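Below: the structure, in structure tokens.
Remember, it's a predicted structure, so these values are computed and weren't measured experimentally. To find a chain, count down the sequence lines: A is the first, B the second, and so on, and within it residues start at 1.
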Amino acid sequence: MIKNSKILIKNGRVIDPANKIDTVLDILIENGKIIEIGNLLSINKSEIQNPKSEIEIIDASGKIVVPGLIDMHVHLREPGYEYKETIKTGTEAALAGGFTSIACMPNTKPVNDNQSVTDFILDKTRKEGVVNVYPVGAISKGLKGEELSEIGELKSAGVVAITDDGKPVMNSELMRRGMEYASMFDIPVISHCEDLHLSEGGVMNEGFVSTELGLKGIPNAAEDVMTARDIALSELTGARLHIAHVSTRGAVNLIRDAKNRGVKVTCETAPHYFTLTEKMVDGYNTNAKMNPPLRSEDDLKAIREGLKNGTIDVIATDHAPHETSEKDVEFDKSPFGIVGLETSLPLTLKLVEDGIISLDEAIAKLTVNPARILNLNKGTLSVGADADIAIINLDKEWQIDVKKFKSKGENSPFHGLRVKGLVNTVIINGNTFNFEAH
Amino acid sequence: MINKLKSKDLLGTKDLSPEEILLILNTAESMKEISSRDIKKVPALRGKTIINLFYESSTRTRTSFEIAGKRLSADVVNISVSTSSVAKGETLRDTAKNLEAMNPDAVVIRHSSSGASEYIAKILRCPVINAGDGAHEHPTQALLDLFTIREKKKELKGLKVSIIGDIAHSRVARSNIYAMNKMGMDVTVSGPSTLIPVDIEKIGVKVVNDVVKAIEGADVIIMLRIQLERQEKGLFPSIREYSRLFGLNTEKLKNAKEDVIIMHPGPMNRGVEISADVADGQYSLILDQVTNGVAVRMAVLHLLTGGA
């Protein structure tokens, strides 16, 4: 890590979807803010020629310079499950993946359903975190789905959204009231759409593979039914609804139609849903077990279409680290979830390479789109903005190796995969982190 | 003709070739002869240690494997869930590693989790025999079923088989479907639509919900046990209705072929999926299955633990 009051990023291909910029430019940073962007030859000369100048010059020739990535769906596990991940290791993993801001889910122990847990997360982040952490509060106390959390207090403590992620609010009345209440504070309600009756006992997608393996399936309808319900509740309440980790064709269709009707709904998917299918579970691979489960080829196609036509606004990881021994068990006994922070970028860039979405769209789904949904003043390279920046070498090939992850979690189905696109440098709060030796 | 199995383990019939299935059935024939002797013991596996690791209660299968091992002179050790350290929270990996440290020559495992046998087979150097894993496979049951059918019908190819009952939760059904397809048999599954798993047709079976239609023209009928807890989960309305619609009785059997054979992997719910008169009647081979189970398991143990 290098700290300089002034940083100049030269000759990089600057992609800033919010400002519709995609061209070679220089960016000048001072005290953690972007102060100039353009062809900065003049600064260049005067500053470089001044021997007392403390300007750090980063040559980004041949690389792309983008707003620091934002992951709006991360499980940092702290407090409570520090053996799986901590705020320190989770934010280090984020940084290595090119992320400068992440939102962390409330299913910690204790649950982030009150101000003191939010305060703890923010305090710990100030002490040990290396990226910005935005806590997401619980909709219901203890994620029990019975009574609303003190959402007003959570909001003033700093939560940027509320969710009972991992445990859907099955009681439609409580969900309705949670949405109504949250809309007073202009924070979105993030919904993990799963009908627990339809999914009960399920450990993978319901289909031919589950039939062959003799594993209890989770039907697409478990997700679709709740997506439909929450869209209806959003229409009823006018609340902002964000659907987490969309994995089915049905959910994509429902969200597309809702958007066309003007419902205030946004959504995200995760790289594994546009990269892998249920076939990955074959051999009882617990690193292919997550919730919602990897779906069929047809669903994967629908997710890609949704990304292309804009139905899916955001790519988020649902980073869910577990200790290796927890995953090294019988398939049905393994916990759900995989890590994602350090693999999201190259998997997203593969979509660009495959012609599914443009590079500009990919960056938007990883930066300004989640920033807008969470009302963060982040995700752009405008003059005056926080200088959260990632410099990426698009052509660099590398092999995913879970042993090299900064995350404590090694639970990735992508181990060993050869990918393209590597984070070179991340700038955040005036600090420069280099990952060339990666 | 091959003389050994290609894998170190027997985890399912899905991975067996038709030649391997025939090898096991032919070997089982000589094993059956041993069981008919006055002195039912040969020294083939003397000095070998076989561990029966049973995480689920089982009388028939565990006893069958134990007798099979003993008739081949192996030392057979039974570990069942109530007496093992599982109750103390040991992981399957640790249990497997501990067993490995005692140098067994084969481990027979019964487990409620699908994939458990494959999981420990990757850990253990010795052969692992799947004695039933969740709703996945129960290969020796399918092999003993084939043995029993072949004994009666002489030829497997072209036979029509109907498997009736809770297909969704049945490892016996899966193992039989794979094995029977490989042997050129024609399999139909039947039962309430709530207990027929999705896309089962893609494995290569016909689905006929109406049991009477499923029985018509069948050479073999395999009835599966219905677990009463499925009713509590809302998968069918009542035992009464299940029995009426899907249970096999003399009345329904009138639609069957004259030389039909009826099998059941046990344990039976008499009067639920099969009426007592049918279970004990002239078409029933249910006790032959049990006898043949020992022979087939002797064959599998012999082929895998290198007794030859």
**Q.** chain B contact via A:K216 - side chain, backbone, both or neither, heavy atoms under 4.5 Å
**A.** neither
Q. Which bit of A:E200 comes within less than 4.5 Å of chain B, counting heavy atoms only: side chain, backbone, both or neither?
A. side chain
Q.
Out of A:G283, A:G217, A:G214, return the one with the most heavy atom pairs under 4.5 angstrom to chain B.
A. A:G214
[atom1]/[X]: more than 12 non-hydrogen atoms of other groups inside 6.0 Å:
| X | atom1 | value |
| --- | --- | --- |
| A:K88 | NZ | no |
| A:K279 | NZ | no |
| B:R125 | CZ | no |

Q: May I have the step-by-step check of side chain to side chain donor-acceptor pair (under 3.5 Å) for A:T211 and B:D199, ending in yes or no?
A: CA-CA 7 Å; A:T211 290; B:D199 289 343; over 6 Å; no
Q.
If you compare all heavy atoms of B:S113 against all heavy atoms of A:K333, which two are closest, and at what distance to 0.1 Å?
A. OG-NZ, 3.1 Å
Q: Report yes or no: does B:Y119 contribute a side-chain atom to a donor-acceptor pair with the main-chain N or O of A:D328 at less than 3.5 Å?
A: yes
To the closest 0.5 Å, what do you measure between [atom1] ([X]) and [atom2] ([Y])?
| X | Y | atom1 | atom2 | value |
| --- | --- | --- | --- | --- |
| A:F331 | B:H136 | CZ | NE2 | 12.5 Å |
| B:K14 | A:L213 | NZ | CG | 7.0 Å |
| B:T91 | A:E330 | OG1 | CD | 8.0 Å |

Q: Counting only heavy atoms closer than 4.5 Å, note whether B:H111 contacts chain A via side chain, backbone, both or neither.
A: side chain
Q) Do you know which of B:S114, B:A135, B:G12 has the most heavy-atom pairs with chain A at a distance under 4.5 angstrom? A) B:S114
